[in-house]
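Data first, discussion second: the structure below is written as structure tokens.
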Amino acid sequence: MPSKRVKFSLTKPTLLYSMARIKPWLPTFKSLLLGPLQPLSNGQLVKVLLLLVIVQVSTCLRVCLTLKEISDSQNTDAFFETYSLRRERCEKLCMRRSACHSFSYNPNQTHCKLSSKIPVANYENVTITTHSPCAYHPCAADEVCVNENRSTFCFPLDIDCGYPLQYSNMVHYDVPSTKYLNEVHYFCKVGYTFTAGITIATCLLSGNWSAVHAECQPIECGIPAIIPNTSMSVDGATVNASDVPHSYLSEVTYHCLEDYVKINGSVTSTCEADSTWTPVTIQCLYVNCAHPPALLNITLSIDGVNVQPSDVPGTFNTMVTYSCSEYNVYLSGSQNSVCQLNSKWSNVTITCRYVKCGPPPMLPYTDFMVNGKITNGLSVPDKFWSNVTYKCRSGFTSEGGPHTSWCLMASKWSKVFIECSDDD
């Protein structure tokens, strides 16, 4: 398993550590710095410079050795794994880490595990009870303790977990920091919902993000509600309830069955983010009117076509028109009747009067003319407002007027005043 690099910064702590190492030499430095100005011999100058270099190199080697042990480690959650370390090095490394409470060692593989929790099974488990100065000067979990001559220093480890992991059907907002202990909150994409589990990732000491133990599953609403006396449609096509798509934002529309009328309520239901369908409040009322009533001397029609009462459909809002039959004249009243929600036809108040004038009266020396053609009296139409024109026969001259007679409401022909005189 490849090791994970751990970045670190040593500038300020290293200077402090270096000053502690040169503490025994301070009198000499003081005399050099605060005493009377005296020229240094070449030999003195070389000794001072050499001493500073030795102290600095010693400090760097010790700190770098400790950090090398850390950077060669790999952990998941509770453990910091280090490969091919001797036991004493494993124990020493645990003492320097405040996050380490015990270590486990496998002598067969020289495999060391630093633990912040319960030691691992099948390992030699050791709890640290050392009296090392680091035990009395604990560092933060992301720092390493270095002790020298009863002095301790905490060196920060720049633990950066990098860009958060990507998970299927999940998103996360911008992360302000990817450093140790920072968190990333994951959310499901639109149309998906979390199963039970952890949805937050944390940057660990290992430089890895903790795993997100959750999944985003598509939102499903199941079969929509069955409402009495209704059918369902999707995109205008009638479907069974079991065939309705039930993923997020799917829609289904309810319709009243034949002979049922929607009287109120919403008709569309949508699959929501909480895996439920939005409620519909449609109410359907059964409406079926019996045959419309037949009236004396009156005919029925629908859209201008005459029908018998038994042929009229009894569905809601069907309208029939009542008209006076032949030889009957409309006088007053409503003529239309509609099938209503109470399954009854609206009232009609039509009034008709029977009018039939019969053959027009015969006048001497005249013929009957209808529409410009001579006809006999029996062929003259005798309905209301029918008319006939009298014409003198050949050889006779007409006098007076009018010459046209009309069939009147009283079932009589209007009078004509015509006299036909012989031309001779």
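Using a 30° and 60° split on the angle between ring planes, Tyr327 and Tyr354 fall in the tilted class, from 30° to 60°. Ring geometry, Phe187 versus Tyr173: the interplanar angle falls from 30° to 60°, so the pair is classed tilted.
The only option from Leu285, Val287, Asp259 that meets the side chain to side chain contact (heavy atoms under 4.5 Å, CB included) definition with Ser343 turns out to be Val287. For the side chain to side chain contact (heavy atoms under 4.5 Å, CB included) with Ser405, the qualifying choice from Leu363, Val416, Val380 is Val416, the only one to do so.
Side chains of Tyr322 and Cys352 form no contact here, defined as non-hydrogen atoms less than 4.5 Å apart. Taking the side chain as every heavy atom from C-beta outward, Val312 and Val320 approach each other to under 4.5 Å. Side-chain contact between Tyr254 and Ser231 is absent, with no heavy atoms from C-beta onward closer than 4.5 Å. Within the 4.5 Å cutoff, the side chain of Phe368 has no heavy atoms near those of the Ile374 side chain. Contact annotation: the side chain of Cys221 approaches that of Trp277 to within less than 4.5 Å [non-hydrogen atoms, C-beta and beyond]. Counting heavy atoms from C-beta on, the side chains of Ile219 and Ser247 never come closer than 4.5 Å. No side-chain heavy atom of Leu341 sits under 4.5 Å from any side-chain heavy atom of Tyr286. Counting heavy atoms from C-beta outward, Thr397 and Cys392 have side chains that stay 4.5 Å or more apart.
Outside the 6.0 Å centre-distance limit, the rings of His255 and Tyr260 are not counted as a close aromatic pair. Checked against the 6.0 Å centroid criterion, the rings of Trp413 and Trp406 do not qualify as a close aromatic pair. Under the 6.0 Å cut-off for aromatic ring centres, Tyr390 and His403 do not qualify, their centroids lying 6.0 Å or more apart.
Listed here is the closest heavy atom pair of Leu408 and Phe384: C-CD1, 3.9 Å. Across Cys161 and Asn208, no two heavy atoms sit closer than the pair SG-O, 3.4 Å. What you find for Val355 and Ser411 is that their closest heavy atoms are CA-OG, 3.5 Å. A pairwise comparison of heavy atoms in Ala214 and Phe194 identifies CB-CD2, 3.9 Å as the closest pair. The minimum heavy-atom distance between Glu399 and Ser421, with the atom names listed, is OE2-OG, 3.4 Å. Of all heavy-atom pairs spanning Ser266 and Pro279, the tightest one is OG-O, 3.8 Å.
Among pairs with a residue in residues 223-252, none fulfils salt bridge (Lys or Arg N to Asp or Glu O under 4.0 Å), at least two apart in sequence or across chains. Identified under the salt bridge (Lys or Arg N to Asp or Glu O under 4.0 Å) test for residues 375-389, with sequence neighbours left out: Glu326-Lys383, Lys356-Asp382. Sequence neighbours left out, not one pair with a member in residues 274-291 passes salt bridge (Lys or Arg N to Asp or Glu O under 4.0 Å).
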| field | side chain to side chain contact (heavy atoms under 4.5 Å, CB included) evaluation trace for Cys407 with Trp385 | value | CA-CA 5 Å; Cys407 181; Trp385 214 236; over 6 Å; no

| field | Derivation of the ring pair (Phe, Tyr, Trp, His ring centres under 6.0 Å) call for Tyr167 and His213 | value | CA-CA 10 Å; Tyr167 293 92; His213 298 290; 9.0 Å; no

| task | Applying side chain to side chain contact (heavy atoms under 4.5 Å, CB included), run through Phe316 and Asn288 and close with a yes or a no. | result | CA-CA 7 Å; Phe316 175 70; Asn288 192 350; over 6 Å; no

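Expressed to the nearest 0.5 Å, how far CG of Asn229 lies from CG of Leu257 amounts to 6.0 Å. A distance of 11.0 Å separates OG of Ser323 from CG of Leu295, quoted to the nearest 0.5 Å. Remark: Asn240 CG to Met232 CE distance equals 9.0 Å, nearest 0.5 Å. The structure places CD1 of Ile159 at 10.0 Å from NZ of Lys179, a figure rounded to the nearest 0.5 Å. With rounding to the nearest 0.5 angstrom, the CE atom of Met319 is 10.0 Å from the OG atom of Ser337. Distance check, rounded to the nearest 0.5 Å: CD1 of Ile298 to SG of Cys324 gives 5.5 Å.
Inspection of the Asp160 and Thr178 side chains reveals an N or O donor paired with an N or O acceptor under 3.5 Å. Defined by atom type and a distance below 3.5 Å, a donor-acceptor pair is present between the side-chain atoms of Asn336 and Thr321. Side chains of Ser301 and Asn306: a donor-acceptor N/O pair is absent below 3.5 angstrom, by distance only. A donor-acceptor contact closer than 3.5 angstrom is absent between the side chains of Tyr180 and Asn182. When only modelled atom types and interatomic distance are considered, Thr404 and Thr389 share a side-chain donor-acceptor pair under 3.5 Å.
Between the side chain of Glu272 and the backbone N or O of Thr276 there is no donor-acceptor pair closer than 3.5 Å. One N or O on the side chain of Ser325 and one on the backbone of Asn297 form a donor-acceptor pair closer than 3.5 Å. Under the 3.5 Å distance criterion, the side-chain polar atoms of Gln283 are left unmatched by any main-chain donor or acceptor of Ile263.
Within 6.0 Å of CG on Asn371 lie no more than 12 heavy atoms contributed by other residues, nucleotides or ligands. For CE of Met409, the number of neighbouring non-hydrogen atoms (other residues, nucleotides, ligands) closer than 6.0 Å is greater than 12. Heavy atoms from other residues, nucleotides or ligands lying under 6.0 Å from NZ of Lys262 number more than 12. Within a 6.0 Å radius of CG in Asp303, no more than 12 heavy atoms belonging to other residues, nucleotides or ligands are found. No more than 12 heavy-atom neighbours from other residues, nucleotides or ligands sit within 6.0 angstrom of CD on Glu419.
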